[in-house]
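Data first, discussion second: the structure below is written as C-alpha cells.
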Protein chains: 2
Amino acid sequence: MKIFATNLAKTASSSDIIYDALRDSIISGQIQAGESMRQAHIAELFNVSRIPVREALKRLEAQGLVQSLRYKGYVVSPLSHAEMEEIYEIRANLEPIVIEKSVANMSEETLEEAKDYCDSFSSETEASKWGEWNRLFHETLYRDAERPYHLKLVGEAIDRVDSYLRAQLVLTNGMEVAIGEHHGILEACLQRDGVLAAKRTREHILGSYRVLIDYLGNQSR
Amino acid sequence: MKIFATNLAKTASSSDIIYDALRDSIISGQIQAGESMRQAHIAELFNVSRIPVREALKRLEAQGLVQSLRYKGYVVSPLSHAEMEEIYEIRANLEPIVIEKSVANMSEETLEEAKDYCDSFSSETEASKWGEWNRLFHETLYRDAERPYHLKLVGEAIDRVDSYLRAQLVLTNGMEVAIGEHHGILEACLQRDGVLAAKRTREHILGSYRVLIDYLGNQSR
DNA sequence: ATATTGAATATTGTATACAATCTGCATTAT
DNA sequence: ATAATGCAGATTGTATACAATATTCAATAT
C-alpha cells in the first residue's frame, strides 16, 4: 500500500510560530532596538497564553536578538558599533568558505534561482524590499554548501545586523556598487570558480561594512 | 552615605540556574548524546515546576546542545563527523583572530593566570580533569580580546564538541603534543607577539582535530 | 503464534492562577 | 515647593491544572 502522507508531526507548536513571527518583526525592523515587548500583549495578538510567548522569547534571547532583565521584561537588543564590526568581521571570514564549498556542488536550479533574485534586487525600486532580495540572493548561493553549522552562525549574524539595518534602509548609498558586486559573485559561480566567488564575497561584505560605517558617520553629524 | 551592596536584581532565576546546570551536565559528558531528558524528572531534581525547566531547554535548543521533537521530548544532540569538522574549521578561523586581539591588550594578571592553568593542565594526572584545565587555559588567553560576539560563538562551538569529547576522554593520545603547543602559545603571548600566538593557536586547533579524527578512525575498527 | 486493536499510562504543550517584583502616582513630611 | 513614603496597578516568574499526543501492553482476531 502506498499513501501520500505529509508528516503531521511537523506542524509547528505555538511557541515555534510565535518565535518565527517575532524574529521576522525584529529583523524587518518593525520592532526596533530598545523597544520593550510585553508578554501579555504578544500573547493577546496570537490568542494564546504567555507560556509559549515566553519560550519564544527565551530562544530569541539565546540568539541575542532580545535581552531580558528579571522582572523588567524583554527589549530588542541594541547593536553597538563594536558588535557590528565584529559581526562583519565574522561574516567576512565565514561566508567565503561557505560559498566556495557551495560552488563545488552547485546545481543548475540554484544558479537559476540566484540569477532571478539578483535581477529582482537590481531592478527593485522600492527600497523597503532591497533587504529581502539581497538576503534571498545570498542565501540561495550558500544553499548547496552542506555546511549547516556555518549557515546557522552566518544566518544569526545576519539576523543581528538586519535587525538594525533594515529599519535604517542603509543600502541606499551603495546600491549601484552592490548590484555590480552581486553580478560579479554570480558570474564567478556560473564559471564554477569557487575561489573567485569566495574572494568577491569577502570583498562584498567588507565593502558593505565600509558603506555602513560611512553612512553612520554622516548620520551622526 | 556609602553602602556596599550587591545587586540583588542579578540573582538568577530558576530558569537560569537550571540552564547552567543542564549545560554543565551535557558538556561534561554526564548526560550523553542521544539521552532523553524528561521534564518532570529534571523539575523534581530542582524542586520546581516544569515551566522553568522548559525555558532552560528552549535556550539549550537554540544553542544546538539539545533537540526537541514535539510531544516526544528533548534529547542531547548527537554530533556527526561532518558537524565536528565544521566546528573545528570555524574555531580554526575565529580563535586566532580572538587571541591576536587579546594579546594586544593582555594584562599581567591574565598572563599569570594562563600560566597557572597551563601548568595545571601539564601536570594533571587525572584524565577527567584535562578538559576543564584545557578550557580554562584557552578562555583565559581570550579574555582580554574585547570581542564578545566572537567569544560567544567560539564558546558555543566548544560546548558542542565538549559534549562529545569529554565523555570520550579523547585527548589521551595527544597530551604530550598538546602540552607542548600550549607552552608555545603561552610563550608567544608572553613575548606580546599576537601574530605568532594566532598562528600557533590555529595550528593547535587543526592539530587537535587531526588527533581526534585519528582516534575516531581507530575507534571504528 | 503473530499481528492488530484499543484502552491505560506517560509525557509533552498550553491555559489559568497565583506569587514576586517593579513602576507610577498620590499623599505626607520637611 | 520639593523630596520621601507608601499604596495600587502593572508586569514578570512560577506552580498547578488540564489538554493533546505518544507509548505500552493486554485483549482480541486471524
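Numbers restart at 1 for each chain; the letters A, B, ... are given by sequence-line order, proteins then strands.
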If you count every heavy atom of other residues, nucleotides or ligands that lies below 6.0 Å from Glu44(A) atom CD, does the total exceed 12? no
Please list, for nucleotides 6-11 of chain D, all pairs of protein and nucleotide N/O atoms separated by less than 3.5 Å.
unit_1	atom_1	unit_2	atom_2	d
dT11(D)	OP1	Arg38(A)	NE	2.9

If you measure from the Lys or Arg side-chain nitrogens to the Asp or Glu carboxylate oxygens, is any gap between Lys58(A) and Glu61(A) under 4.0 Å? yes
Over all strands shown, is Ser14(B) touching base, sugar-phosphate only, or nothing at heavy-atom distances under 4.0 angstrom? sugar-phosphate
Starting at atom CD of Glu55(B), determine the distance to atom P of dT12(D), rounded to an integer number of angstrom. 12 Å
What's the CD1-P distance between Ile51(A) and dA17(C), to the nearest Å? 13 Å
Is the ring pair Tyr88(A)/Tyr209(A) parallel, tilted or perpendicular, if the boundaries are 30 and 60 degrees? tilted
Using a 3.5 Å distance criterion without hydrogens, assess whether the side chain of Ser163(A) forms a donor-acceptor pair with backbone atoms of Ile26(A). no
Of Asn47(A) and Met37(B), whose closest DNA chain C nucleotide lies nearer the 5' terminus? Met37(B)
Of the candidate nucleotides dA15(D), dG13(D), dT12(C), which contains the atom at the shortest distance from the side chain of Arg50(B)? dT12(C)
Evaluate the side-chain proximity of Met37(A) to Val75(A): yes if any heavy-atom separation is below 4.5 Å, no if none is. no
So, is Ser13(B) close to the dG13(D) phosphate, meaning a side-chain N or O under 4.0 Å from OP1 or OP2? no
Are Asp162(A) and Arg23(A) within salt-bridge range, i.e. N to O under 4.0 Å? no
When the distance from CD of Gln67(A) to C1' of dT12(D) is rounded to whole Å, what number comes out? 17 Å
Examine dT14(C): is either OP1 or OP2 under 4.0 Å from a nitrogen or oxygen in the side chain of Ser49(A)? Give yes or no. no
To the nearest Å, how far apart are Glu44(B) CD and dT16(D) P? 13 Å
Is it the case that the side chain of Ser68(A) and the backbone of Tyr74(A) share a donor-acceptor pair, with hydrogens and angles ignored and the cut-off at 3.5 Å? no
Please report the distance, rounded to the nearest Å, between OH in Tyr74(B) and P in dA22(D). 15 Å
Leu69(A) atom CG is separated from dG13(D) atom C1', nearest whole Å, by 14 Å
Atom-to-atom span, CG of Asp16(A) to P of dT14(C) - whole angstrom: 8 Å
Would you kindly check whether a donor in the side chain of Arg54(A) faces an acceptor in the base of dG13(D), or vice versa, at under 3.5 angstrom? no
Kindly say whether, by distance alone, the side chain of Arg70(B) makes a donor-acceptor pair under 3.5 Å with the base of dG13(C)? no
